[in-house]
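As a basis for the values below, the full set of heavy atoms in this structure was taken, side chains included, without hydrogen atoms, waters or symmetry mates.
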Amino acid sequence: MALICSLSNEVPEEPVISLTSKHIFEKRLLEKYIAENGTDPINGEPLSDEQIVPINTTPVQRPRPPTATSIPAILKILQDEWDACMLHSYTLRQQLQMTRQELSYALYQHDAACRVIARQDKEVTAAREALATLKPQAALAAQQPAAPAPTPVNVVAPSEPARPEPMEVETQLVPIGLSEEVLQQLQQTHVKLTSLRKKRGKEMPEGLPTAQQLKHYTQTSSHPGLHSASLPGILCLDLLPNSKRTVTGGADRNIVVFDKEAEKIVCTLKGHTKKVTNVVGHPNEKTIISASPDSHVRIWDIEGESCKHTLRIHDGPVTGLSLHPTGDYMLSCSADQHWGFSDIGTGKLLCKVADQSVSHGLTCCQFHPDGLIFGTGTSDSLVKIWDFKEQKSAANFPGHSGPISAIAFSENGYYLATSADDEVVKLWDLRKLRNFKTISLDDKYTVRGLTFDNSGHYLAVAGPDVRVYQISKQCDLVVTWDAHTQDSTDVRFGPDVNYVASVSNDRTLKFYSAN
C-alpha cells in the first residue's frame with residue numbers, strides 16, 4: 001500500500017503522521033507549513049514539530065522518466081552529457097591559457113623590476129666609490145689658502161676646529177714594509193702567549209663540559225630572518241669574544257651583527273658588491289673585518305655602522321682572513337696566490353708575499369695562536385706553514401685531494417686541522433710535522449668549516465650536518481646536529497663551550513646548548 005501526502009498528493013520520501021488530524025504528510029512540506037502557520041493543514045488546530053511522528057516504510061523506488069526508457073533517448077542523454085563535458089573542458093582550457101598569459105606577464109614584470117633594481121644598485125655603488133675617491137681631493141683643496149673675497153667670510157675659531165665627516169677610504173695598497181717596532185711587538189706577544197699556554201698545561205679547564213655533557217646539547221634557538229631571502233645563504237660566522245653577539249656574512253652581500261641574548265639584530269653593514277665569505281670579530285667588540293670575492297677587505301665600526309677602511313690588497317677574490325693575536329693586525333689571502341699582512345688601525349698594507357712555489361691560488365689562511373707562524377691552503381690540495389718573520393714557507397703538508405676548504409689551529413699550539421673536497425679531516429702534529437689522525441667522514445661529505453674550542457679539547461666540523469669531535473688518540477665523535485635543512489657553512493664554539501653556533505645555506509643561525 002502506497003502512502004500519499006495530504007498536501008502534495010504524491011508518495012512522500014519521508015512520510016510522517018500528524019497526531020492532530022491523523023493524516024500523512026511529506027515531512028519537509030509539513031515542517032515548512034508549521035513554520036509559517038503553526039497549525040495542522042487539515043483541521044487548522046495548533047501543531048508543533050513534537051507532534052509529528054515519522055513512519056518507517058520501505059524506500060520507494062521512483063520510476064525512471066519516460067524519456068530514459070528507450071535506447072535512442074538514452075543515447076541522446078549521453079550525447080548531451082558529452083557535449084556539456086566538452087564545452088566545460090573548452091572553457092577550462094581558455095581560462096588556463098589566460099592564466100598562463102597573466103603569469104608570464106607578471107614574471108616578465110618581476111624580471112624587469114629585478115634588472116632595474118640591480119642596475120640602480122650598481123650605479124649607487126659606483127657613485128659611492130667615486131665619492132670616496134673625490135672626498136680626499138676635496139679635503140686637500142679645502143686646506144689650500146683661498147683667494148680673498150670681497151664679501152666677509154665666516155672663520156671657524158681655533159678653539160672649535162671643524163671636524164671632518166667620517167668617510168670610507170678605498171686604496172689600492174702598496175706594501176710599506178715591516179718595521180722593527182712591529183716585529184718586536186709580534187715577538188713579545190709570541191713569548192707572552194707561549195708562556196701562558198705552558199702554564200695552562202693539558203688539563204681540561206674548569207667549567208668546560210665533558211663529552212658526556214656535550215652529547216646532551218640540543219638546538220635551543222633558530223633565527224631565519226637575518227639575511228635576504230632573495231639571495232639565500234649565510235656563508236660565514238664569527239663571535240665577538242667577550243659578548244653574546246655573533247657576526248654573519250651572507251650571499252646577499254651584507255654583514256649582520258646579532259645579539260644572542262636579546263635575540264635581535266644590532267646592525268646590518270652594507271658595502272660589498274659580492275657575497276661576503278669571511279668575517280672576523282675583533283676582541284674590542286667595536287670592529288669587524290670582512291672579505292669578499294669583490295677583491296676588497298673592509299674594516300667596519302659597529303657603533304657608527306660605517307666602514308672605516310676599504311682595502312684593495314689583492315687582485316683576485318679574497319678567500320681567507322685571520323686576526324693576529326695582538327688584535328692590531330690581520331692576515332688575508334687570495335686566489336691571486338698572495339697573502340697580505342695589514343694594520344687594522346691605519347688600514348695600511350705592511351707586506352704582501354706571493355707563493356712562488358705553486359701556480360694555484362690560496363683558499364684559506366689562519367694565524368697560529370702564538371702569532372709567528374700561520375697556515376694557508378691552496379686550490380691544489382696543499383697545506384703550507386709559513387714563518388712570518390722570514391716570510392718563507394716552513395713546512396708543507398700534502399695528503400689531501402681537491403682544494404683545501406678549511407684550516408684551524410688548536411689553542412694548545414700543537415695541532416692543526418685541515419679539510420678538503422676528499423671527505424676527510426686530517427689532524428697534524430706541528431712538533432713532528434706529521435699527520436697523526438685522519439677522520440673519515442660520510443660519502444660525499446663536503447667540509448665547509450672547521451674550528452677548535454678555546455681549550456683545544458673539541459673540534460667542530462660544518463658540512464651537511466654539524467659535528468663535534470673530542471681531540472684524543474681516537475678522536476671520537478661526540479655529537480651530531482642535523483637541524484639545518486641545507487649544508488652548514490660555518491660553526492663556532494661559545495666561551496668555555498657553553499653553547500655552539502652554526503649557520504647554513506638555509507639562511508638560519510642556530511644555537512645549541514644544554515636545556
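Listed for the Ser195 side chain is no donor-acceptor partner under 3.5 Å among the backbone atoms of Val191. A distance-only check finds no donor-acceptor pair linking the side chain of His296 to the backbone of Ser292 [under 3.5 Å]. In this structure, His324 contributes its side chain and Thr326 its backbone to a donor-acceptor pair below 3.5 Å. Asp490 places a side-chain N or O within 3.5 Å of a backbone atom of Leu237 that can act as its donor or acceptor partner. A donor-acceptor pair is defined here as one N or O able to donate and one able to accept, closer than 3.5 Å; no such pair exists between the side chain of Tyr415 and the backbone of Ile471. Checked by atom type and distance alone, the side chain of Asp252 pairs as donor or acceptor with a backbone atom of Ser228 at under 3.5 Å. At least one donor-acceptor pair under 3.5 Å links the side chain of Gln213 to the backbone N or O of Thr210. A donor-acceptor pair under 3.5 Å is absent between the side-chain atoms of Thr489 and the main chain of Asn505, judged by distance alone. Remark: side-chain polar atoms of Thr378 are paired, donor with acceptor, to backbone N or O of Leu382 under 3.5 angstrom. With hydrogens and angles ignored, the 3.5 Å screen pairs a side-chain donor or acceptor of His368 with a backbone N or O of Gly413.
Judged purely by distance below 3.5 Å, without hydrogens or angles, the side chains of Thr418 and Lys426 never pair a donor atom with an acceptor atom. There is no side-chain donor-acceptor pair under 3.5 Å between Thr508 and His223. Remark: the Trp481 side chain and the Ser502 side chain contain no N/O donor-acceptor pair separated by less than 3.5 Å. A donor and an acceptor atom, one from each side chain of Arg93 and Ser89, are located under 3.5 Å apart. Residues Thr310 and Arg298 bring a donor and an acceptor atom of their side chains to less than 3.5 Å of each other. Lys389 and Gln187 form a side-chain donor-acceptor contact under 3.5 Å, judged by distance and modelled atom types alone.
Within 6.0 Å of CD on Glu261 lie no more than 12 heavy atoms contributed by other residues, nucleotides or ligands. Counted within 6.0 Å of NZ on Lys437, heavy atoms from surrounding residues, nucleotides or ligands total more than 12; the atom is thus considered enclosed. By the neighbour-count criterion of 12 heavy atoms within 6.0 Å, atom CD of Glu181 is sparsely surrounded, having that number or fewer from other residues, nucleotides or ligands. No more than 12 heavy-atom neighbours from other residues, nucleotides or ligands sit within 6.0 angstrom of NZ on Lys275. Summarising the local packing, CD of Gln101 is surrounded by more than 12 heavy atoms from other residues, nucleotides or ligands at distances under 6.0 Å.
Between Ser290 and Val279, the closest side-chain pair of non-hydrogen atoms falls below 4.5 Å. Taking 4.5 Å as the limit, some side-chain heavy atom of Val383 sits within range of a side-chain heavy atom of Leu416. Within the 4.5 Å cutoff, the side chain of Val491 has no heavy atoms near those of the Ser488 side chain. Here the side chains of Leu509 and Thr246 are in contact, with some heavy-atom distance below 4.5 Å. Residues Glu411 and Asp453 have side chains not in contact (no heavy-atom distance under 4.5 Å, counting atoms from C-beta outward). Considering only heavy atoms from C-beta on, Val468 comes within 4.5 Å of Phe493 through its side chain. Counting heavy atoms from C-beta outward, Thr376 and Trp386 have side chains that approach closer than 4.5 Å. Side-chain contact between Cys267 and Ile302 is present, with heavy atoms from C-beta onward closer than 4.5 Å.
The two residues Ile255 and His272 have their closest heavy-atom pair at CD1-CD2, 3.9 Å. Considering every non-hydrogen atom in both Val182 and Leu178, the closest pair reads CG1-CD2, 4.1 Å. Here the shortest heavy-atom pairing between Ser440 and Val424 reads CA-CG1, 4.2 Å. In terms of heavy-atom proximity, Ser295 sits nearest to Gly316 at OG-O, 3.1 Å. Counting all heavy atoms, side chain and backbone alike, Ser332 lies closest to Leu321 at CB-CD2, 3.9 Å. Scanning all heavy atoms of the two residues, the minimum distance from Trp300 to Lys270 falls at CH2-O, 3.3 Å.
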For this session: Test side chain to side chain contact (heavy atoms under 4.5 Å, CB included) on Val447 and Glu423 and set out the steps.
Result: CA-CA 7 Å; Val447 178; Glu423 302 159 4; over 6 Å; no

For this session: Please test Asp301 against Thr287 for side chain to side chain contact (heavy atoms under 4.5 Å, CB included), starting from the C-alpha separation and ending with a verdict.
Result: CA-CA 5 Å; Asp301 176 26; Thr287 304; 5.7 Å; no

For this session: In sequence, state the C-alpha distance, the side-chain angles, and the governing distance for Leu331 and Cys333, and then conclude on side chain to side chain contact (heavy atoms under 4.5 Å, CB included).
Result: CA-CA 7 Å; Leu331 174 72; Cys333 68; 6.0 Å; no

Problem set entry | Verdict with supporting geometry, Lys444 and Asp421, salt bridge (charged side-chain N to carboxylate O under 4.0 Å, His left out) | CA-CA 9 Å; Lys444 297 182 180 179; Asp421 294 342; over 6 Å; no

For this session: Output, in order, the C-alpha distance, side-chain angles, deciding distance and verdict of side chain to side chain contact (heavy atoms under 4.5 Å, CB included) for Val247 and Phe258.
Result: CA-CA 6 Å; Val247 183; Phe258 180 77; over 6 Å; no

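With rounding to the nearest 0.5 Å, the separation of CD1 in Ile299 from CG in Leu311 is 5.0 Å. Interatomic distance, Ile234 CD1 to His227 NE2, rounded to the nearest 0.5 Å: 4.5 Å. Separating the OG atom in Ser322 from the CD1 atom in Ile289 is a distance of 9.0 Å, to the nearest 0.5 Å. Glu263 CD to Phe511 CZ: the interatomic distance, rounded to the nearest 0.5 Å, is 8.5 Å. How far NZ of Lys384 is from SG of Cys365: 14.5 Å, rounded to the nearest 0.5 Å. One finds the CD1 atom of Ile439 at 10.5 Å from the OH atom of Tyr445 (value rounded to the nearest 0.5 Å).
Ion pairing between a basic and an acidic side chain is recognised when a charged N comes within 4.0 Å of a carboxylate O; Asp238 and Arg492 show such pairing. Between Asp370 and Arg197, at least one side-chain nitrogen of the basic residue sits less than 4.0 Å from a carboxylate oxygen of the acidic one, meeting the salt-bridge criterion. A salt bridge is absent between Arg312 and Asp294: the closest approach of a Lys/Arg side-chain nitrogen to an acidic carboxylate oxygen does not fall below 4.0 angstrom. The residues Arg448 and Asp487 are annotated as salt-bridged, a charged nitrogen and a carboxylate oxygen being separated by less than 4.0 angstrom.
Ring pair Trp339/Phe388 is tilted by interplanar angle, where 30° to 60° counts as tilted.
Shown here are the side chain to side chain donor-acceptor pair (under 3.5 Å) partners of Thr268, two or more places apart in sequence or in another chain: there are none.
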Donor-acceptor pairs under 3.5 angstrom involving side-chain atoms of residues 105-119: please list them, not counting sequence neighbours.
residue	atom	partner	partner atom	Å
Tyr105	OH	Gln109	NE2	3.2
Asp111	OD2	Arg115	NE	2.9

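Of the candidates Phe367, Phe409, Tyr329, Phe341, Phe374 forms a ring-ring contact (aromatic ring centres under 6.0 Å, His included) with just one, namely Phe367.
A cation-pi arrangement is present between Lys260 and Tyr499, with the terminal nitrogen or guanidinium carbon under 6.0 Å from the aromatic centre and inside a 45° cone about the axis.
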